[in-house]
4 protein chains.
Amino acid sequence: MEYNTKQIQIIEVAERLFADKGFAGTSVRDIAQEANVNVSMISYYFGSKEKLIEALFAMRMGESRSRMETLLSNEDLIPIQKINILIDSAIDRLMGNQCFHNIMMREQLSSERTPTISEHIRTLKMRNIQLMQKLIEEGQAQGAFRKNIDLSLMTTTLYGTINYAIATQEFYKRINGLEDMEEAEFQTHLRRKLSQHLKSLFKSTVTNEHHNQD
Amino acid sequence: MEYNTKQIQIIEVAERLFADKGFAGTSVRDIAQEANVNVSMISYYFGSKEKLIEALFAMRMGESRSRMETLLSNEDLIPIQKINILIDSAIDRLMGNQCFHNIMMREQLSSERTPTISEHIRTLKMRNIQLMQKLIEEGQAQGAFRKNIDLSLMTTTLYGTINYAIATQEFYKRINGLEDMEEAEFQTHLRRKLSQHLKSLFKSTVTNEHHNQD
Amino acid sequence: MEYNTKQIQIIEVAERLFADKGFAGTSVRDIAQEANVNVSMISYYFGSKEKLIEALFAMRMGESRSRMETLLSNEDLIPIQKINILIDSAIDRLMGNQCFHNIMMREQLSSERTPTISEHIRTLKMRNIQLMQKLIEEGQAQGAFRKNIDLSLMTTTLYGTINYAIATQEFYKRINGLEDMEEAEFQTHLRRKLSQHLKSLFKSTVTNEHHNQD
Amino acid sequence: MEYNTKQIQIIEVAERLFADKGFAGTSVRDIAQEANVNVSMISYYFGSKEKLIEALFAMRMGESRSRMETLLSNEDLIPIQKINILIDSAIDRLMGNQCFHNIMMREQLSSERTPTISEHIRTLKMRNIQLMQKLIEEGQAQGAFRKNIDLSLMTTTLYGTINYAIATQEFYKRINGLEDMEEAEFQTHLRRKLSQHLKSLFKSTVTNEHHNQD
DNA sequence: CATGAATGAGAATTCATTCAT
DNA sequence: AATGAATGAATTCTCATTCAT
């Protein structure tokens with residue numbers, strides 16, 4: 001599905017508003033107004049508000065992909081390096097699309113998911129977990145990673161930590177006395193901190209070195 | 001503020017629906033209907049839908065507390081044991097009040113927070129992080145924990161992982177082939193898995209043993 | 001009909017609020033709250049909101065009266081003196097019960113009058129016009145007043161002027177630079193001005209002196 | 001602001017109902033029903049019930065004006081003739097827009113005025129009083145009018161009398177045995193009577209002839 | 001292809017009154 | 001005799017969508 005300029009404009013405004021106020025909390029009028037289009041355009045272009053959010057998912061899902069897969073097939077990298085690439089890639093994806101991932105988080109909190117959207121989310125999560133699995137199994141095969149790693153919970157920790165960090169970034173600022181930091185600078189700062197934190201976390205946990213299991 | 005039986009009944013229904021469909025996505029009619037009360041009772045008892053969710057927060061915040069603090073002042077426990085207690089306590093609290101913590105998560109995703117609620121959340125998060133800080137500093141003082149621990153991100157990982165695990169539990173079921181497990185049993189299973197995972201994660205990360213920083 | 005203390009308290013609060021915000025614009029809750037009584041007291045004591053305003057009319061109508069009639073039967077007074085007494089008496093009555101007369105004015109503006117209230121108002125107006133008629137006829141009989149006086153319009157001017165002056169007193173203050181005058185003082189000032197104005201108006205108009213009709 | 005046919009239709013129905021039953025006493029449903037439009041049209045066109053009455057004021061205020069000003073700048077007229085024109089003009093305006101002036105009277109009786117409307121009323125009253133002032137000062141300059149004329153109270157008498165006459169016209173009919181007179185004829189009759197009455201009143205009061213002040 | 005006008009359903013809240021005690 | 005609890009009707013307004021052009 002290809003979208004024209006006006007449609008993309010609407011989708012992007014909708015994305016921001018859905019992230020800010022939730023799907024139900026955002027009216028098509030809000031969207032139309034901020035996107036400088038007529039209210040009836042939303043129904044006209046997308047059919048309904050429901051279909052609009054589906055279009056948003058369709059668009060955003062079509063984007064990402066690929067780039068990383070090539071990186072990870074590089075045979076020169078040792079397992080922990082690949083994990084680190086995975087971590088940075090996740091941070092980049094989530095922090096670079098905060099609005100969209102905010103919406104995705106909300107959707108996962110809901111019991112009222114649209115089948116289409118649920119499917120999108122499931123696909124994405126599947127892809128994420130399979131990638132993780134591949135890397136971990138590689139590491140295990142090379143004897144670099146320990147055996148009993150809870151794959152789904154490691155993934156949960158990865159995405160849970162990033163998502164939660166994004167959701168609570170204002171609190172993080174306050175706690176760490178960064179209220180006055182320029183926004184762009186803060187985003188960079190948070191990415192770096194998250195990167196260090198998660199890499200350290202994963203390294204200690206998945207590698208075989210001196211680890212004594214409880 | 002004390003609430004009578006009917007008020008509590010309303011609050012509990014509201015809690016479930018807000019968790020399921022979000023605040024804006026839940027109408028007072030929905031709540032009234034499921035709680036088997038007249039629609040106007042919500043305004044009558046709480047003043048407004050807004051005040052109702054505030055009452056929910058007031059009630060739930062008034063509960064928790066204390067129990068744990070005594071546990072952690074026990075001097076017989078070594079640092080990592082206290083951390084483990086903290087982890088189990090967090091899992092218990094979040095998994096035992098999934099609806100409420102779902103709502104809290106939603107609130108944190110929103111830019112449109114009510115001041116009262118924001119304050120509640122801030123208080124709660126402050127309490128959590130301070131407890132973590134106390135335990136970690138204790139462990140560091142005893143030489144059991146390593147020095148450079150990112151306090152706020154460790155907390156983020158703790159709560160982020162649990163929240164995300166709860167939000168994606170259906171996916172977890174499917175991935176791990178647990179679709180047929182009895183619900184109660186699954187909850188227990190998930191708690192135990194989370195407990196093991198987080199304890200292992202924290203142990204590897206915070207303890208001093210052979211850790212080589214990157 | 002006799003009213004007990006609490007009933008009178010309610011009536012008086014209602015009078016003030018009806019004057020301020022109109023009958024429909026005032027809720028029984030407003031009244032109950034300001035009168036420090038339970039909401040259900042209004043229905044309990046008066047039967048309904050409608051009946052409450054009827055009770056107000058009944059009470060206020062029962063008051064006034066008499067005092068003036070004796071004054072005007074005094075045979076030592078010349079016609080214009082009696083007219084002046086009538087004017088001052090009207091000013092006193094209207095300005096001393098601004099709330100009630102505000103309500104009465106509102107009722108006259110309405111097409112939705114309760115029969116009871118309409119009847120009260122008619123009675124009152126009848127009494128007023130008959131008194132005016134008596135005085136004017138006396139003056140005419142004595143040759144002091146001119147013949148062709150429009151009785152009902154003279155009465156209209158008397159009450160219309162006072163009512164309008166009361167309704168627009170804030171504007172009067174501003175126009176005459178009296179914003180800073182103490183309220184009580186202003187009331188006295190306005191009464192005196194109105195008195196002078198109306199007496200002068202009536203004297204010029206009703207007396208026979210050199211009047212040349214158009 | 002220009003209003004389309006349907007909007008004007010709504011405004012006119014609203015005007016009549018607000019005059020009949022007051023602002024608070026009139027529901028948007030009443031208006032919609034009588035105007036044969038959908039209830040939501042009122043919000044759609046005007047934003048709110050509040051804004052609707054503001055639109056009414058805006059429309060009615062935009063009308064009147066000017067016509068009279070030219071009349072009064074005619075130098076051939078002697079002062080008392082100009083006063084008479086002013087009187088007739090006031091009668092025409094108020095009696096020709098009874099509904100609107102009824103609403104304006106109600107607004108003046110209220111403490112809960114919308115700023116916009118208060119401003120309109122203030123403007124109108126200011127214009128009225130300034131016109132009166134101009135005429136009276138002209139008359140005084142020519143020696144035709146006496147010196148100590150209470151400007152604001154003369155204006156009060158003018159508008160107070162007309163307003164009160166309109167408000168009590170049913171009573172007037174009854175008193176003067178005009179119940180059976182055709183409505184249009186009665187309106188003409190009342191205008192003529194008011195005109196005579198007020199002209200006579202003003203002439204006696206403001207002209208210098210033989211007036212002896214008390 | 002695009003849009004302004006229009007709408008009916010549903011939103012939250014307030015209302016005067018009633019009822020059980 | 002008095003009152004707190006409760007209620008259903010009615011309030012204004014917003015909503016997503018449709019329709020005629």
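Reminder, nothing fancy here: chain letters follow the sequence lines and each chain counts from 1.
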Non-neighbouring partners of [X] that pass side chain to side chain donor-acceptor pair (under 3.5 Å), sequence neighbours left out:
{"X": "B:Gln33", "value": "none"}
{"X": "B:Lys49", "value": "none"}
{"X": "A:Arg122", "value": "A:Glu119"}
{"X": "C:Asn102", "value": "C:Arg106"}

Salt bridge (charged side-chain N to carboxylate O under 4.0 Å, His left out) with [X]: which residues, sequence neighbours excluded?
{"X": "B:Glu112", "value": "none"}
{"X": "D:Glu50", "value": "none"}
{"X": "B:Glu12", "value": "none"}

To the nearest Å, how far apart are [X] [atom1] and [N] [atom2]?
{"X": "B:Ile31", "N": "E:dA12", "atom1": "CD1", "atom2": "P", "result": "8 Å"}
{"X": "D:Ile42", "N": "E:dG8", "atom1": "CD1", "atom2": "C1'", "result": "14 Å"}
{"X": "A:Lys49", "N": "F:dT14", "atom1": "NZ", "atom2": "C1'", "result": "11 Å"}
{"X": "B:Lys51", "N": "E:dA12", "atom1": "NZ", "atom2": "P", "result": "16 Å"}
{"X": "D:Glu50", "N": "F:dT14", "atom1": "CD", "atom2": "P", "result": "13 Å"}
{"X": "B:Phe46", "N": "E:dT14", "atom1": "CZ", "atom2": "C1'", "result": "18 Å"}
{"X": "C:Asp30", "N": "E:dT14", "atom1": "CG", "atom2": "P", "result": "11 Å"}

Any ring-ring contact (aromatic ring centres under 6.0 Å, His included) involving residues 24-54 of chain A? Give me the pairs, sequence neighbours left out, ordered by first then second residue.
none
How would you list all residue pairs meeting ring-ring contact (aromatic ring centres under 6.0 Å, His included) that involve residues 99-119 of chain A, not counting sequence neighbours?
A:Phe57-A:Phe100
With rounding to the nearest 0.5 Å, note down the distance linking CG in C:Leu109 to CD1 in D:Ile166.
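These two atoms lie 10.0 Å from each other.
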To the nearest 0.5 Å, atom CD1 of D:Ile117 lies from atom CD of D:Glu107 at 4.5 Å
Name the stems that DNA chain E belongs to, where each is three or more consecutive Watson-Crick or G-U pairs with both distances under 3.5 Å?
E:2-21 with F:2-21
Walk along nucleotides 1-8 of chain F from 5' to 3' and tag each nucleotide B, S or - by protein heavy-atom contact under 4.0 Å, base first, then sugar-phosphate.
BBBBBBBB
Within residues 9-27 of chain B, find the residues that approach DNA chain E with a heavy atom at under 4.0 Å, and present them sorted by residue number.
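Residues of residues 9-27 of chain B that come under 4.0 Å of DNA chain E are, in numerical order, B:Thr26, B:Ser27.
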